[in-house]
Number of protein chains: 2
Amino acid sequence: MPEQVSEQTTNRLSLYLRCLNELEASGVRTVSSKVLAAKFELNAALIRKDLSHFGDLGVRGVGYVVRDLKQRLRQILGLDQQLNVVILGAGNLGFALADYPGFRQDGFRIVALFDNLCDKVGGRSRSGVPIYDICDLGTVAKDESIAIGVVAVPAASAQVVVNAVVEAGIKALLNFSPGAIRVPPDVKLKSVDLTVSLESLSFHLARGDGSGSGKKVG
Amino acid sequence: MPEQVSEQTTNRLSLYLRCLNELEASGVRTVSSKVLAAKFELNAALIRKDLSHFGDLGVRGVGYVVRDLKQRLRQILGLDQQLNVVILGAGNLGFALADYPGFRQDGFRIVALFDNLCDKVGGRSRSGVPIYDICDLGTVAKDESIAIGVVAVPAASAQVVVNAVVEAGIKALLNFSPGAIRVPPDVKLKSVDLTVSLESLSFHLARGDGSGSGKKVG
DNA sequence: TTTTGTGAAACGCTTCACAGCT
DNA sequence: AGCTGTGAAGCGTTTCACAAAA
């Protein structure tokens, strides 16, 4: 429905949804933007603006109906259908992500790990995710209709692996390797750079200005 | 020197530094904002603005002297002195981070893992990081002058663990658990929310608008 | 001439303030 | 009365465009 929704709004929608799940579990029926705002230390108008991108989701004088808004947000975020995920790189990080509860989430299913080391291929992660040879990525991607690739390989091979993932027709990528990665314009790339995060903390320590509640970034 | 430097500028400084390291290794002596900008698909003026916060670091008509700028950025980011890091939570993620090369970086040293499960305490990670009981956090933090805590515990115990870390006098926190975490204003918190990242990708897939080169976020 | 450093303009996101609905 | 939805104001970041320096 909306023309353009900013990345920041998108990220907040996830947070709202998580909160609504908790509220529903607590038996809360409706919630106002004001109450929601307090939980995240955000401005209430911002929450209303975020939601208003997707139609009139609230009820004036009442607030938002928890169950309805939750359902609608799941739909907006594409969580009403399952998305299949593969992880590239069966190293420490790849394994950890494969078994990470936060990743074995509602709408997501981790289908496979990929690596190029022969002795790893054929094995499984602790939670049972099978490890394939990276050469088979194209086949698996089609057979299992993989939607998302998670890149957890060393920096040196990152771009090569990303190219293979793009080649396999996967249109969404979560990248954990450092350095600049290039993808075609029709592929969505989201990068998490742990070095940048650490160095940002180092910077703030060096200038002695703790500044609370760093904004969540996703 | 500067009054205020935005988080976004700070994050980019890390990227510039990484690039300068590569340039120096390649024997490049000077680099212009234009060349740097091309590597990151950024505007050259933005890079000059970022750097100009810290004095006149460039030479007009020439560009930036790679070795000098690298040195200066290391200083600005506080990487000229070692920072000791502890990881809270010796689960899959904690172990992976303890052994992750990107974390065993220049200025950082991972001193310890902490957990509350008796059978883990006393052991070591693959790379040799010792595991202590979380009760000993205060002591270790003081003895080893820990600067940064990395929180990799389940969501349910996140706030409790964060409180313990703050109590131990640690002023910088990298948090991997989902949900809203509160810290005092003098503590710097940076959160990486993997669920939000995944759901953001899901959102973009659902509306079918791949939009290349997602900005690196740290 | 090349490239930095920087005011001014442009842009985008957030907050304010209030009309309008329940 | 209470709360949403939203135009307008405010504010911070990015880009432009050019004077100043090498």
Side-chain angles (χ1 to χ4, degrees), chain A residues 1-13 15-16 20 23 28-66 68-70 72-73 76 200 209 211 213-218, chain B residues 1-13 15-16 20 23 28-66 68-69 72-73 76 200 211 213-218:
Chain A
M1 197 167 290
E3 287 301 304
Q4 279 282 55
V5 182
S6 81
E7 192 75 18
Q8 295 168 95
T9 291
T10 309
N11 290 342
R12 283 191 299 265
L13 295 180
L15 299 180
Y16 303 157
L20 289 166
L23 287 172
V28 176
R29 282 289 173 67
T30 65
V31 66
S32 68
S33 60
K34 193 176 166 191
V35 168
L36 227 34
K39 305 226 184 215
F40 300 109
E41 301 178 31
L42 291 176
N43 182 296
L46 179 60
I47 293 182
R48 295 199 296 275
K49 270 252 159 79
D50 283 343
L51 297 176
S52 72
H53 282 122
F54 304 94
D56 288 12
L57 271 37
V59 184
R60 289 167 199 244
V62 177
Y64 300 87
V65 176
V66 171
D68 294 353
L69 183 56
K70 185 195 106 167
R72 191 76 183 83
L73 279 181
I76 290 165
S200 161
D209 64 3
S211 82
S213 303
K215 294 306 168 225
K216 186 150 297 197
V217 137
Chain B
M1 196 168 291
E3 286 303 304
Q4 278 283 53
V5 182
S6 80
E7 192 76 18
Q8 294 169 94
T9 292
T10 310
N11 290 342
R12 284 192 297 265
L13 295 181
L15 299 180
Y16 303 157
L20 289 166
L23 287 172
V28 176
R29 282 289 174 66
T30 65
V31 66
S32 68
S33 60
K34 193 177 164 189
V35 168
L36 227 34
K39 305 224 184 217
F40 299 109
E41 300 177 31
L42 292 175
N43 183 295
L46 178 60
I47 294 182
R48 295 199 296 275
K49 270 251 160 77
D50 283 344
L51 296 175
S52 71
H53 283 121
F54 305 94
D56 289 10
L57 272 35
V59 184
R60 288 168 198 243
V62 177
Y64 300 88
V65 176
V66 170
D68 294 353
L69 183 56
R72 191 77 182 80
L73 280 181
I76 291 165
S200 161
S211 84
S213 302
K215 296 305 171 223
K216 188 152 296 198
V217 136

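Naming: A, B, ... by sequence-line order, numbering from 1 per chain.
- Taking Lys49(B) as the reference, nothing meets the side chain to side chain contact (heavy atoms under 4.5 Å, CB included) condition, with sequence neighbours excluded.
- Between Ser33(B) and the phosphate of dT3(C), there is no side-chain N or O to OP1/OP2 separation shorter than 4.0 Å.
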Counting primed atoms plus P, OP1 and OP2 as sugar-phosphate and everything else as base, spell out the protein contacts along nucleotides 15-22 of chain C at 4.0 Å heavy-atom distance: B, S or - for each nucleotide, 5' to 3'. BBB-BBBS

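- One finds no side-chain N or O of Gln4(A) lying less than 4.0 angstrom from the OP1 or OP2 phosphate oxygen of dG12(C).
- Between the P atom of dC3(D) and the CG atom of Leu36(A) lies a distance of 13 Å, rounded to the nearest Å.
- Distance check, rounded to the nearest 0.5 Å: CZ of Phe40(A) to CG of Leu15(A) gives 5.0 Å.
- Computed from coordinates, the Arg12(A) CZ to dG12(C) P distance equals 16 Å when rounded to whole Å.
- For Ala44(A), the side chain to side chain contact (heavy atoms under 4.5 Å, CB included) partners two or more places apart in sequence, or in a different chain, are Ser33(A), Ala37(A), Arg48(A).
- An OP1 or OP2 oxygen of dG12(C) is reached within less than 4.0 angstrom by no side-chain nitrogen or oxygen of Gln8(A).
- Counting to the nearest Å, the P atom of dT14(C) and the CG atom of Asn11(A) are 11 Å from each other.
- Across all strands shown, Thr9(A) has no heavy atoms under 4.0 Å from either base or sugar-phosphate atoms.
- Between Tyr64(A) and dG2(D) there is no side-chain polar atom (N or O) within less than 4.0 angstrom of OP1 or OP2.
- Evaluation of the side chain to side chain donor-acceptor pair (under 3.5 Å) rule for Ser6(A) yields Thr9(A) as partners, not counting sequence neighbours.
- In this structure, His53(A) places its NE2 atom 17 Å from P of dT4(D), rounding to the nearest Å.
- Legend: residues meeting side chain to side chain contact (heavy atoms under 4.5 Å, CB included) with Val59(B), ordered by chain and number and at least two apart, are Val62(B).
- The nearest whole Å value for the distance from the CG atom in Leu69(A) to the C1' atom in dC3(D) is 14 Å.
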Worked check of side-chain contact (heavy atoms from CB on, under 4.5 Å) between Ile76(B) and His53(B): CA-CA 11 Å; Ile76(B) 291 165; His53(B) 283 121; over 6 Å; no

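- For Asp50(A) and dT6(D), the CG to P distance is 13 Å, given to the nearest whole Å.
- Across all strands, Leu57(A) comes closer than 4.0 Å only to sugar-phosphate atoms, never to a base (heavy-atom distances).
- For Lys39(A), the side chain to side chain contact (heavy atoms under 4.5 Å, CB included) partners at least two apart in sequence or on another chain are Cys19(A), Leu23(A), Val35(A).
- With rounding to whole Å, Asp56(B) atom CG is found 12 Å from dT4(C) atom P.
- Atoms CZ (Phe54(A)) and P (dG5(D)) sit 13 Å apart, rounded to a whole Å.
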